[in-house]
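Read through the structure below, which is laid out as structure tokens, and then see the notes.
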Amino acid sequence: MEKAIEFEKFSVPSVYVNMKLIYGFCSEKNMSIQNFCDSIRIHRASFYQYREGKSPSLPIRNRIQKLTGIPSEKLFKPNGKQQQGRVCG
């Protein structure tokens, strides 16, 4: 019988995504929202959830920041909540 995978829980500040900057980036690069989503490996539904205030995971935040080159301080604004996550321990 296989041993169950164990995860360590952690907590990070939850953020709002500055969608105005994302739309501006896409416009400047002549990139569709679908191409943007494909580039950071998310579904469009997730993109629209971020637009409505859902906080992306840390790996998604990193991919957005890496693609756009926009400083994370401008791209993400804390919303005063904590976001739970887990990592293989």
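Predicted model only: the values in this text are computed from it and were never measured.
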Query - Minimal non-hydrogen separation, Pro56 against Arg61, with atom names - result: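 In terms of heavy atoms, the two residues are closest at O-NE, 3.0 Å.
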Using 0.5 Å steps for rounding, measure from the [atom1] atom of [X] to the [atom2] atom of [Y].
| X | Y | atom1 | atom2 | value |
| --- | --- | --- | --- | --- |
| Phe25 | Leu75 | CZ | CG | 10.0 Å |
| Phe36 | Ile64 | CZ | CD1 | 5.0 Å |
| Leu67 | Lys29 | CG | NZ | 9.0 Å |
| Tyr50 | Asn18 | OH | CG | 15.5 Å |
| Ser72 | Lys66 | OG | NZ | 14.5 Å |
| Asn79 | Lys54 | CG | NZ | 12.5 Å |

Can you tell me if [X] uses its side chain to pair, donor with acceptor, with the backbone of [Y] under 3.5 Å?
| X | Y | value |
| --- | --- | --- |
| Ser55 | Ser14 | no |
| Ser27 | Tyr23 | no |
| Gln65 | Ile70 | yes |

I'd like a table of donor-acceptor pairs (distance under 3.5 Å, sequence neighbours excluded) in which one partner is a side-chain atom from residues 39-46, with atom names and distances.
unit_1: Ser39; atom_1: OG; unit_2: Asn35; atom_2: O; d: 2.8
unit_1: Arg44; atom_1: NH2; unit_2: Tyr48; atom_2: OH; d: 2.7

Requested in this report: Check the hydrophobic clustering (I, L, V, M, F, W, Y; side-chain heavy atoms under 4.5 Å; chains of links allowed) and say if Leu58 and Val17 are grouped together.
Outcome: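 They do not share one cluster, since no chain of ILVMFWY contacts under 4.5 Å joins Leu58 to Val17.
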Query raised in the report: With ILVMFWY side chains joined below 4.5 Å, transitively, what does Tyr16's cluster contain besides itself?
Result: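 So far as hydrophobic clustering goes, Tyr16 is joined with none.
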Query raised in the report: Does a side-chain heavy-atom distance below 4.5 Å link Phe47 with Ile60?
Result: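 Not in contact.
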Report task. Answer yes or no: is there a side-chain heavy-atom contact under 4.5 Å between Val12 and Gln82? Result ->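 They are not in side-chain contact.
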